[in-house]
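Structure first, then comments.
This one's a predicted model, so the numbers in the text were calculated from it and none came from an experiment. Naming: A, B, ... by sequence-line order, numbering from 1 per chain.
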Amino acid sequence: MERTLIKDLNKHINEQVKVQGWLHTLRDQKSMQFLIIRDRTGMAQIAHFKKGNPQLAEQISALGTESALTLIGKVVENEIVKLGGLEIQLEDLVIENAAEVPLPFEPFGEYLPEQDFRLDWRYLDLRRDVNQLIFEVQTTAEQAMREYWLDHNFIEIHSPKIMGAPSESGAELFTIPYFETTAYLAQSPQFYKQMAMAAGYERVFEIGPVFRADPSFTSRHMTEFTGVDMEMSWIDSHEDVMAFMERWLAYTYEKVIEKHGSEIENLLNVKLEAPAVPFPRITMAEAHELLEKIGYDLPPEKKHDLDPGAERALGSHFKETQGHDYVFVTEWPFEARPFYHMLKPDEENITRSFDLIGKGLEVATGAQREHRYEVLKTQAVAKGLTVEPIQDYLNYFRYGTPPHGGFGFGLSRFLMIMLDLSNIREAVYIFRGPTRLTP
RNA sequence: GGGGGCGUGGUGUAGUGGUUCAACAUGCGGCCCUGUCAAGGCCGAGACCGCGGGUUCGAAUCCCGUCGCUCCCGCCA
C-alpha cells in the first residue's frame with residue numbers, strides 16, 4: 001500500500017490509507033486513544049477505540065512521543081476535529097522505531113534547552129518546523145545560485161580539499177598526516193578557481209567545504225563551513241564582480257521569497273524583501289570618514305581596516321539612510337588584503353577589492369586578482385612571502401591567463417543574515433567548532 | 001590567544017548567608033475522565049544546587065582554584 005502524505009489526506013475521505021510519521025502527542029483516555037501523527041507535510045489525528053482492539057490499545061499506551069510509526073486506517077470527515085476536520089480511524093499500527101522514554105528534551109515543548117544541549121541531540125532539534133524550513137530555504141537558495149550561474153555560462157568545479165601547501169597566508173590550517181608527508185585541509189578554493197581562469201574556463205563556481213583552524217569562539221565562526229565561491233575572467237575591475245554578485249544575490253532572494261516567503265514570515269517573523277540593485281557602495285576611505293562622523297571609535301591599530309563593531313555601525317547606517325541590508329566596502333588598503341589582490345594603477349596602496357556586509361556582518365570578500373606574473377611575485381615578496389612554496393600557484397600566470405576576479409561567500413552566514421538567525425549554529429546542519437566535533 | 005557572563009531534579013527557571021532554601025513549570029510513573037484536541041483533575045518519583053578547597057556557629061548563596069558552556073575582541077565566510 002502506498003504511503004499518503006498528511007497534507008493529501010483530504011483527497012482520500014472514506015478510503016483506507018497508510019500514513020507514516022512521528023507520534024506528536026498521545027491522548028490516552030479511558031475508552032479512546034487519540035494519536036497526533038506528524039510528517040513533513042503536517043499533522044493529523046488518529047482515533048482508536050480501545051475496546052475494538054485491547055492488545056493494540058496496550059501497545060499504544062506504551063508509546064513514547066516522537067516514535068516513528070506506520071499507521072493504516074480509514075480517513076473520515078469529522079467536523080469536531082480541530083486538525084483539518086478529519087481523522088483516521090486506526091486499523092493497524094507498526095512501531096518502526098519506538099522513542100525511548102523520556103526524551104532528552106521536548107522538540108515541540110514550550111521552551112527549548114540551551115543550544116549546546118540541543119546540538120548534542122541535533123536530530124531531535126532538527127525535527128522542529130523552523131529547522132526544517134531553514135534547510136529548505138538553503139536548498140532553494142543554492143538552487144537559485146546555480147540557476148543564475150548556469151544562465152550566465154558558468155562551469156561548476158570541485159577542487160581538492162587536501163593540499164600540499166597553504167592556499168593563502170594568514171588563516172590557520174589543519175594539518176593531516178598524508179602517507180609519508182603532511183598535508184593541509186583547504187582553507188579556500190581560491191588558487192584552484194584561479195587555475196580555472198588560466199585554463200580558459202572563463203567563469204567557474206564552487207560550493208564546497210572550507211576548513212579554518214582558527215580557535216574562534218563567536219556566534220558567527222566555524223572550523224568547517226560551506227564556501228560559495230566564483231571567479232570570472234575578462235573583467236575590467238572588481239566593479240564587474242560586484243555588479244554580477246548583487247544581481248546573483250537578488251535573484252536568490254527572489255526565489256527564496258517565491259517559495260518560502262510566507263512560511264518564513266510565519267515561523268521566523270521575517271518579512272523578506274529582495275535587496276534593491278545596485279547595492280550601496282562605499283570605499284574604505286569614505287567608510288572611515290563616515291564612521292568618524294557617526295561617532296564610531298575605531299581602534300588605532302584598525303586604521304586600514306574595519307572591526308566587527310565598525311561593520312555593524314556601517315550596516316545600521318545604510319539600513320537607516322538607504323533602507324538597505326547590504327553594503328559593499330571597496331578599495332581596501334593592501335595591508336589588509338592578501339598578496340594576490342590587484343592594486344589600483346594610480347594608487348599603489350589601494351586594492352581593487354571589496355567586502356560585502358549584510359546586516360552588519362561580513363558575508364563575502366572579493367577582488368580583481370593580480371594576473372601578471374611579475375607583479376604578482378613582487379606583491380608576494382612585499383607581503384613577506386617566499387616564492388618557492390607558492391611557485392605552483394605563480395605558475396598559473398605564465399602562459400596566457402586573462403584578467404579575472406571573484407569572491408568567496410559564506411553560505412551559513414548568508415542564511416543568518418537573510419533569516420535573522422542570531423547564531424551560526426542555527427544556520428548550519430551540523431556545527432563544527434574548536435570544541436565541537438560530535439555529532 | 002585575551003576579556004566578560006553563566007553552571008540548581010531529564011529539561012527550563014526561582015531562590016544571593018540561617019528557622020519548610022531546596023521551590024515552580026514541563027517532562028516522567030500511577031489513578032480518574034463516553035471523543036479528546038498544544039486536553040483536564042488528583043497522587044507520586046526525581047537535584048546532596050558543575051567539581052575541589054576556603055571564610056563562617058551556619059554556604060546553592062561570599063572568596064579562591066578548576067572544568068564546562070556562552071558571548072565579545074583578535075582572525076575571518
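- At a threshold of 4.0 angstrom between heavy atoms, the contacts of A:R312 are confined to the sugar-phosphate backbone, with no base atom among them.
- For A:S219 and B:C72, the shortest distance from a side-chain N or O to OP1 or OP2 is below 4.0 Å.
- Judged by ring centres under 5.5 Å apart and planes tilted less than 30 degrees, A:F105 fails to stack against the six-membered base ring of B:U11.
- Residue A:R220 has a polar side-chain atom (N or O) positioned under 4.0 Å from OP1 or OP2 of B:C73.
- Pair check for B:C69 finds B:G5; Watson-Crick or G-U wobble, both atom distances under 3.5 Å.
- Searching all strands for a Watson-Crick or G-U wobble partner of B:G40 with both distances below 3.5 Å returns B:C32.
- Residue A:R413 places a side-chain atom within donor-acceptor reach of the base of B:C76, judged by atom type and a 3.5 Å distance cut-off alone.
- Across all strands shown, A:F49 has heavy atoms under 4.0 Å from base atoms, whether or not it also approaches the sugar-phosphate.
- Remark: B:G10 base-pairs with B:U26; criterion is Watson-Crick or G-U wobble with both hydrogen-bond distances under 3.5 Å.
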Handout entry: Stepwise side-chain contact (heavy atoms from CB on, under 4.5 Å) check, A:H404 with A:M232
Key = CA-CA 5 Å; A:H404 64 277; A:M232 56 201 285; over 6 Å; no
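- Remark: B:C75 base-pairs with no nucleotide in the shown strands. Criterion, Watson-Crick or G-U wobble with two distances under 3.5 Å.
- Stacking between A:F225 and the base of B:A77 is present: ring centres sit under 5.5 Å apart and the planes differ by under 30 degrees.
- A donor and an acceptor atom sit less than 3.5 Å apart, one in the side chain of A:E87 and one in the base of B:G35.
- B:C49: no Watson-Crick or G-U partner with both key distances under 3.5 Å is found in any strand.
- Atom CD of A:E273 is surrounded by 12 or fewer heavy atoms from other residues, nucleotides or ligands within 6.0 Å.
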